[in-house]
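Data first, discussion second: the structure below is written as C-alpha cells.
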Amino acid sequence: MIGKSVTIALMACFGLLAPAGSGWSQTGQSTLVIAVAGPLTGTSAQDGNAIKNGASLAADLINQKGGINGKKLEIISVDDRSDPKEAATVANKLANDNRVLAVIGHFNSSCTLAGAPIYNRAKIVEISAGSTSPAVSKAGPFTFRVIVTDAFQGDFVARWMVKDEGFKKIAIMYENDDYGLGLKEVMSARVPAYGGQVVSSESYYLGETKDFTPYITKLRALNPDALFIGGLYTEAALIAKQAADVGWTPPIFGVDGLYSSALVELGGKSVEGAKVAGFFHPALPDPLVQQFVKDFKEKYNKEPGTYEAFGYDALLVLATAIEKGGPDRQAIRNHLTTIKLKGVTGTNVFDEHGDVAKAPFKLIVKDGAFQPYQK
C-alpha cells in the first residue's frame with residue numbers, strides 16, 4: 001500500500017493504487033458494493049447518468065490496480081426518476097440491502113431529502129453529487145455532499161451580478177421545489193445585501209411547465225437589468241428561447257444546475273452569453289483534472305461535464321473512507337468526517353453538517369460552448 005499521505009484520488013488518476021493487506025476484518029462479500037441512486041430516466045436523466053458515469057470511471061481505475069485491500073468495487077445503479085416518492089422507495093430498497101455499503105445520491109434536492117430519514121435510520125451514508133438545497137445541511141449525520149450549498153453559490157452569483165457586473169434590478173425565475181425555493185430565498189436575501197433589488201420572483205414546475213410566455217411578459221414589463229434562473233438547463237433553455245422569440249434578451253445568470261452542454265444544445269443562440277457558477281471545466285490546467293479528462297475520454301469517448309466530475313469525486317471520497325475504516329457503514333461515516341481529499345471539483349473536507357466549501361469560478365457560454373469568464 002502506498003503511504004497514507006498519497007490520496008486515493010491521486011493513486012487512481014495516476015495509476016498508483018496497489019492492493020493492500022487486510023488491515024480490517026473481512027466480510028463474506030466478494031465485492032465492495034456502492035449504489036448510485038438518481039434520475040436515470042426522465043427530465044434530469046442526463047445529470048443522473050453523468051454522476052453514474054463519473055463514479056463508474058473512478059471505480060474502474062481503482063479496480064484496475066487491485067481494488068481496495070484486495071477487493072473490487074462494484075457499482076449498482078437505481079433510478080429515482082426525479083420523484084421524491086420514488087426516491088423514498090429506492091432508499092428503503094438500498095438501506096435494506098446488506099451488500100450496499102454507501103449510496104451516491106440523490107441528484108435532486110427533494111429526492112435527497114426524501115431519502116435522508118431512511119438512510120439515517122439505517123446508518124448508511126448518502127452522499128449527494130448534485131443536491132444543493134440549504135435544507136440538506138440539516139438532513140442528518142449520515143447525509144453528506146461533495147457539492148456546495150445554494151447559500152454559498154447564491155451569494156457568489158448575487159455578488160457577481162450586482163457588485164461585479166453592476167446590475168441593480170434582478171428578476172428571478174425558479175423551480176417550485178426544494179432546489180429552486182432554496183435558490184430563490186438565498187438570492188432574495190443576498191441581492192439586496194449587495195445593493196440590488198429583486199423586482200419579481202416567478203416559479204415554475206420542473207418537467208411540467210413548457211410555456212413560459214406569461215412569466216416572460218410579466219418580467220419584461222418590469223424592465224430588469226438581468227434574469228437569474230434558479231433551476232436546471234432544460235427549463236433555462238426554454239426560458240431563453242421563448243424570451244428571445246418575443247425580443248427580450250436579458251443577461252442570464254445561474255448556478256451550476258445550468259452548467260451542462262445540454263443548455264447550449266437546447267437553447268442555441270438564445271443562451272449565448274449566459275453566465276453560471278462552476279466547479280469544474282475540462283480545460284483547467286490542474287494535472288488531476290487533466291488526467292481525469294483523459295481517462296474519461298478513453299472510457300466514454302467524450303469530454304466530462306460538471307456532474308461526471310462530482311460523481312467521480314463522490315466515489316473517491318467513499319473509497320478513501322472504506323480504505324481507512326473497512327466495509328462497514330458506520331465506519332465509513334466516521335472516516336468521512338476526517339477526510340481531506342483533493343478531487344477534480346476541489347478539496348473535499350466535510351463540516352459538522354456534511355457540507356463542503358469549494359471556491360466556484362465564473363463561466364460563460366461563448367461561441368456555443370462554456371468557457372472560463374474574464375470581464
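We're numbering straight along the sequence, starting at 1. Scope of the values below: all heavy atoms of this structure, side chains included, with no hydrogens, waters or symmetry mates. From a predicted model like this one, the values you see are computed outputs, not experimental measurements.
Between Asp295 and Gln291, the side chains place a donor N or O and an acceptor N or O closer than 3.5 Å (distance only, hydrogens not considered). Gln46 and Ser260 share a side-chain donor-acceptor pair at under 3.5 Å. No side-chain donor from either of Asp177 and Ser109 sits under 3.5 Å from a side-chain acceptor of the other. Checked by atom type, the side-chain pair Asp211/Thr213 shows a donor-acceptor distance below 3.5 Å. Arg145 and Thr132 share no donor-acceptor pair across their side chains, judged by distance under 3.5 Å alone.
Shortest non-hydrogen contact noted between Tyr119 and Ala37 is OH-CB, 4.4 Å.
A donor-acceptor pair under 3.5 Å links the side-chain atoms of Ser131 to the main chain of Asn108, judged by distance alone. A donor-acceptor contact shorter than 3.5 Å is absent between the side chain of Glu202 and the backbone of Ile172. Remark: side-chain polar atoms of Asp150 are not paired, donor with acceptor, to backbone N or O of Gly154 under 3.5 angstrom. Between the Asn63 side chain and the Leu73 main chain, a donor and an acceptor come within less than 3.5 Å of each other. Without hydrogens or angle criteria, Thr112 side chain to His106 main chain gives a donor-acceptor distance under 3.5 Å. In this structure a side-chain-to-backbone donor-acceptor pair under 3.5 Å is missing from Gln64 to Leu61. Asp79 places a side-chain N or O within 3.5 Å of a backbone atom of Leu40 that can act as its donor or acceptor partner. Although no hydrogens or angles enter the test, the distance criterion places no donor-acceptor pair under 3.5 Å between the side chain of Glu323 and the main chain of Asn69. Between the side chain of Asp313 and the backbone N or O of Thr345, at least one donor-acceptor pair lies under 3.5 Å. Checking side-chain atoms of Asn348 against main-chain N and O of Leu341 turns up a donor-acceptor pair under 3.5 Å.
Both Phe144 and Ile332 are members of a single hydrophobic cluster when ILVMFWY side chains are connected at heavy-atom separations under 4.5 Å. Linking Ile, Leu, Val, Met, Phe, Trp and Tyr whenever their side-chain heavy atoms come within less than 4.5 Å puts Phe167 and Val198 in one cluster. Following chains of ILVMFWY side-chain contacts shorter than 4.5 Å, one cannot reach Val136 starting from Leu206, and the two form parts of different hydrophobic clusters.
Separating the CD1 atom in Ile76 from the CG atom in Leu94 is a distance of 6.0 Å, to the nearest 0.5 Å. Separation of atoms CD1 (Ile322) and CD1 (Ile68) is listed at 5.0 Å; rounding is to 0.5 Å. Separation of atoms CD (Gln330) and NZ (Lys123) is listed at 6.0 Å; rounding is to 0.5 Å.
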Discussion item. What verdict does the salt bridge (Lys or Arg N to Asp or Glu O under 4.0 Å) test give for Arg99 and Asp97, after you've listed the backbone C-alpha separation in whole Å, the side-chain angles of each residue and the deciding distance to 0.1 Å?
Written reply: CA-CA 5 Å; Arg99 300 173 304 150; Asp97 186 341; 2.7 Å; yes
Worksheet item: Can you check side chain to side chain contact (heavy atoms under 4.5 Å, CB included) on Ile252 and Val271, steps first, answer last?
Response: CA-CA 8 Å; Ile252 293 173; Val271 297; 5.6 Å; no
Practice prompt. Go through Asp155 and Arg190 one step at a time and tell me if the salt bridge (Lys or Arg N to Asp or Glu O under 4.0 Å) criterion holds.
Written response: CA-CA 6 Å; Asp155 180 78; Arg190 300 312 299 162; 2.8 Å; yes
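Looking at heavy atoms from C-beta onward, Lys342 lies in side-chain contact with Asp286 at the 4.5 angstrom threshold. Contact annotation: the side chain of Ile34 never approaches that of Val100 to less than 4.5 Å [non-hydrogen atoms, C-beta and beyond]. Contact check for Glu235 versus Phe212: side-chain heavy atoms found under the 4.5 Å cut-off.
Lys362 NZ: more than 12 foreign heavy atoms inside a 6.0 Å radius. In Lys299, the NZ atom is crowded: over 12 heavy atoms of neighbouring residues, nucleotides or ligands sit closer than 6.0 Å. The number of heavy atoms from other shown groups lying within 6.0 Å of NZ (Lys168) is above 12. The neighbour count for Tyr300 OH, taken as heavy atoms of other residues, nucleotides or ligands under 6.0 Å away, is above 12.
Note: Trp160 and Phe253 have perpendicular aromatic rings, judged against thresholds of 30 and 60 degrees for the angle between ring planes.
Here Phe107 and Tyr307 bring their ring centres to under 6.0 angstrom of each other. Remark: aromatic rings of Tyr215 and Tyr204 are distant, center separation not under 6.0 Å.
Listed by chain and residue number, Tyr259, Phe280, Val293, Glu303 satisfy the side chain to side chain contact (heavy atoms under 4.5 Å, CB included) test with Pro282 (two or more places apart in sequence, or in another chain).
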